Number of protein chains: 2
Amino acid sequence: MTQTMADAVISELVKQGKITDPQSAKGRLMYEAAHLFKNKGYERTTVRELAKAVGIQSGSLFHHFKSKEDILLGVMEETIVVNIGRMNKALIQQPDPKHQLLALIRCELDSVHLDTGEAMSVLVSEWRSLNEENQKYILKLRDDYEALWFRVIREGIQNGTIQHDEFILRRLLAGAISWSATWFRPDGNLSIDELAKQTLMLAIR
Amino acid sequence: MTQTMADAVISELVKQGKITDPQSAKGRLMYEAAHLFKNKGYERTTVRELAKAVGIQSGSLFHHFKSKEDILLGVMEETIVVNIGRMNKALIQQPDPKHQLLALIRCELDSVHLDTGEAMSVLVSEWRSLNEENQKYILKLRDDYEALWFRVIREGIQNGTIQHDEFILRRLLAGAISWSATWFRPDGNLSIDELAKQTLMLAIR
DNA sequence: TTGTAAACCAAGCGCTTGCTTGGTAGTGTG
DNA sequence: CACACTACCAAGCAAGCGCTTGGTTTACAA
């Protein structure tokens, strides 16, 4: 929410039809859903609550989505797509693996703490509420996302910047970053930039 | 489950009346609950399912616990109490902050991957399903748990072993360790001991 | 002006949920 | 033997759930 509304990546993806316009009724619905799902959990959030938050009747939700689970799927799907887009854009601006890794860390911290923060939290904690087919679909998207990390880490290993095993390193970093949702506040003393640098220092000495 | 059943800490705590005997009906019920809550989520697990897993009628659950939430609370409470006991026991066997920190990391990895693994996962992901009062109570227990970590880290800072800020370090480590539940398998190529050492190396160079 | 589709409302159906109730079998104690 | 207590069963209630249905309003194009 602190992020600029004129987000080039988002409007680009909207134009390409890859995500829903956040300004549209459906987009606002997903935003409210992410908020409720994060703070109450998916199962504890009722369609009546969600409808009230959006300002419509509960039955009207099913004009936009065919089921409650479909709303959850939409939130998760679009969150990954947006963050893949942002990471790709950040990567091409960096000259070498070290700066690219910092950019990825910074991007992921942004995704956890800025506009997609609530949706990211839902993505991490509510995947069990998807049926098997939808879980597979989201897992596939996650793999595309992780592929970006592994490409950069492998390049870092090749040019000597990184010493760790690529899988262990990515997983330790993923844990440290996603866990920051439970304690870090971007409006506190520590800035996201500073936290990103300190996190990079776990990987590079 | 791979951990020895003759667990000195557990039988000690049972004797003191601080936790339920895992062999008793109530203890087995909580074990089954942890399993279901982890794999399906608390809200998606019905009392009928849980009762079936234990082998009794759904109504009979309420002879042991006054509500479904009370079962969740029991699982969380006893898990923390057990792990505080284990950490205390491990700490007194180590001579200096470096080895004490390794012991804590090892203990927490054990708690995530061995007998209390499913309950720990529930502890991390299902706290929102507790009402306000119960959340406060569990938070208080967590603070006792965290106090052990901060004591060791502070001593490490004082004798020069550790350079990080104590809060940031603990939180980065907590993230890396708890996240390992999503990818690490103790029966795979990497042992818990090895993972513990590699995790320690994030903190100490 | 008419036709069409999207967006929504009002009402409620069928089902599942956590939990309650009244009673019973088994076990130990005086 | 009488009593008490624990552990459980069988049945079902009240409430809340996701979702459906039939109809209305709004927007816009032909």
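This structure is a prediction, so every number in the text was calculated from the model and none was measured. To find a chain, count down the sequence lines: A is the first, B the second, and so on, and within it residues start at 1.
Every residue was checked against the side-chain contact (heavy atoms from CB on, under 4.5 Å) condition with A:D143, not counting sequence neighbours, and none meets it. In this structure, the ring pair (Phe, Tyr, Trp, His ring centres under 6.0 Å) partners of A:F150, at least two apart in sequence or on a different chain, are A:F167. Residues passing the side chain to side chain donor-acceptor pair (under 3.5 Å) test with B:R171: none are found, sequence neighbours excluded. Scanning for side-chain contact (heavy atoms from CB on, under 4.5 Å) contacts around A:E132 gives an empty result, with sequence neighbours left out. Under the ring pair (Phe, Tyr, Trp, His ring centres under 6.0 Å) criterion, A:F184 pairs with A:H113, sequence neighbours left out. Looking at residues two or more places apart in sequence or on another chain, you find a side chain to side chain donor-acceptor pair (under 3.5 Å) between B:N39 and B:H35.
Taking a 4.0 Å limit (strictly below) on heavy-atom distances, residues 56-68 of chain A reaches DNA chain D at A:S58, A:G59, A:F62, A:S67, A:K68.
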Quick one: side chains of residues 196-204 of chain B, donor-acceptor pairs under 3.5 Å with protein atoms, not counting sequence neighbours, listed by atom name and distance.
| unit_1 | atom_1 | unit_2 | atom_2 | d |
| --- | --- | --- | --- | --- |
| B:T199 | OG1 | B:L195 | O | 2.7 |

List, one per line, each side-chain donor-acceptor pair under 3.5 Å for residues 50-58 of chain B, sequence neighbours excluded.
none

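At whole-Å resolution of the value, CG in B:L50 and P in D:dC8 are 13 Å apart. Between A:E49 atom CD and D:dA15 atom C1' there is a gap of 15 Å when expressed in whole angstrom units.
Among the protein residues, A:S24 comes within range of no part of the nucleic acid, since none of its heavy atoms lies under 4.0 Å from any strand.
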Grab the N/O contacts between the protein and nucleotides 25-27 of chain D below 3.5 Å, and write none if there aren't any.
none

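The salt bridge (charged side-chain N to carboxylate O under 4.0 Å, His left out) contacts involving residues 11-33 of chain A comprise nothing, where partners must be two or more places apart or lie in separate chains.
For DNA chain C, the contact window with chain A, defined by any atom under 4.0 Å from a protein heavy atom, covers C:dA6 to C:dG12 in 5' to 3' order.
Here the closest heavy-atom approach between residue A:E108 and residue A:A174 is recorded as OE1-CA, 4.3 Å.
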